[in-house]
Trainee: 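I'd like to ask some things about the structure below.
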Amino acid sequence: MESINSTQLLEQMRAATALAKNNSVSTAGELPEGEFATLFRQAIDSVNQFQQQSSELQTAFVRGDSNVDLAEVMIASQKSTVSFQAALQVRNRLVSAYQEIMTMQI
């Protein structure tokens with residue numbers, strides 16, 4: 001398994017932030033058609049990837065793989081938890097917005 005590089009992780013976070021700022025909203029106040037679905041799918045895939053990596057590292061550590069240390073396992077587990085919690089919050093906000101729209105008077 002590859003080790004965690006904090007500099008690389010920080011660069012990825014900065015790139016994601018820049019991408020989010022550049023793609024945040026168009027002049028009409030909405031994302032271009034289909035872009036929301038693409039971004040949402042990428043986010044779900046990312047959460048899934050973090051969870052799979054965490055599970056693989058945990059299994060390797062339990063089996064006694066000498067290439068996997070406890071710090072790697074714990075970091076992967078925390079990344080998985082944080083990404084899942086973030087996705088869950090986005091889901092909750094989307095459901096709340098949907099419910100609010102459905103109760104609006106026309």
Side-chain angles (χ1 to χ4, degrees):
M1 297 289 159
E2 69 182 59
S3 64
I4 306 294
N5 182 344
S6 61
T7 305
Q8 183 182 17
L9 181 60
L10 183 58
E11 288 173 6
Q12 289 174 351
M13 290 172 66
R14 286 182 180 152
T17 301
L19 180 63
K21 285 180 183 177
N22 290 338
N23 291 329
S24 59
V25 288
S26 67
T27 55
E30 7 179 282
L31 287 173
E33 187 176 331
E35 191 169 333
F36 175 77
T38 302
L39 290 173
F40 192 69
R41 182 66 173 157
Q42 289 172 349
I44 297 297
D45 289 343
S46 177
V47 170
N48 186 43
Q49 181 182 2
F50 281 130
Q51 289 183 337
Q52 287 179 347
Q53 181 183 15
S54 175
S55 178
E56 289 170 3
L57 284 172
Q58 289 174 10
T59 302
F61 184 77
V62 168
R63 288 185 181 160
D65 188 344
S66 61
N67 295 327
V68 179
D69 63 354
L70 182 59
E72 254 185 300
V73 174
M74 296 305 294
I75 290 171
S77 177
Q78 287 301 310
K79 286 169 71 175
S80 172
T81 300
V82 168
S83 67
F84 181 76
Q85 290 298 320
L88 185 61
Q89 291 300 319
V90 168
R91 177 228 172 245
N92 290 344
R93 298 263 175 133
L94 287 171
V95 168
S96 176
Y98 175 78
Q99 289 172 340
E100 186 175 329
I101 289 170
M102 294 306 291
T103 60
M104 285 181 159
Q105 296 287 331
I106 296 179

Trainee: How many angstroms lie between atom CG of L70 and atom CD1 of I75, to the nearest 0.5 angstrom?
Mentor: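 Taking CG in L70 and CD1 in I75, the distance rounds to 9.5 Å.
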
Trainee: May I have the list of side-chain donor-acceptor pairs in residues 86-106 shorter than 3.5 Å, sequence neighbours left out?
Mentor:
from	atom 1	to	atom 2	distance (Å)
N92	ND2	L88	O	3.4
T103	OG1	Q99	O	3.3
T103	OG1	E100	O	3.0

Trainee: Starting at OG1 of T81, measure out to CD of Q51 and round the result to the nearest 0.5 Å.
Mentor: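 Separation between the atoms: 8.0 Å.
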
Trainee: Check salt bridge (Lys or Arg N to Asp or Glu O under 4.0 Å) between R41 and all other residues, then give those that pass, not counting sequence neighbours.
Mentor: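 Partners of R41 under the salt bridge (Lys or Arg N to Asp or Glu O under 4.0 Å) test: D45.
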
Trainee: Kindly say whether A76 contributes a backbone atom to a donor-acceptor pair with the side chain of S80 at under 3.5 angstrom?
Mentor: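 Such a contact is absent between S80 side chain and A76 backbone.
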
Trainee: If you measure from CZ on F84 to CG on N48, what distance do you get to the nearest 0.5 Å?
Mentor: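 The CG atom of N48 is 11.0 Å from CZ of F84, to the nearest 0.5 Å.
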
Trainee: What residues form a side-chain contact (heavy atoms from CB on, under 4.5 Å) with Q58, not counting sequence neighbours?
Mentor: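 Partners of Q58 under the side-chain contact (heavy atoms from CB on, under 4.5 Å) test: S54, V73, S77.
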
Trainee: Between M74 and F61, is there a shared hydrophobic cluster once you connect ILVMFWY residues whose side-chain heavy atoms come closer than 4.5 Å?
Mentor: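 Yes; tracing contacts between hydrophobic side chains, which count when under 4.5 Å, links both residues.
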
Trainee: Which distance, rounded to the nearest 0.5 Å, do you find between the CD of Q49 and the CD of Q42?
Mentor: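 These two atoms lie 12.0 Å from each other.
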
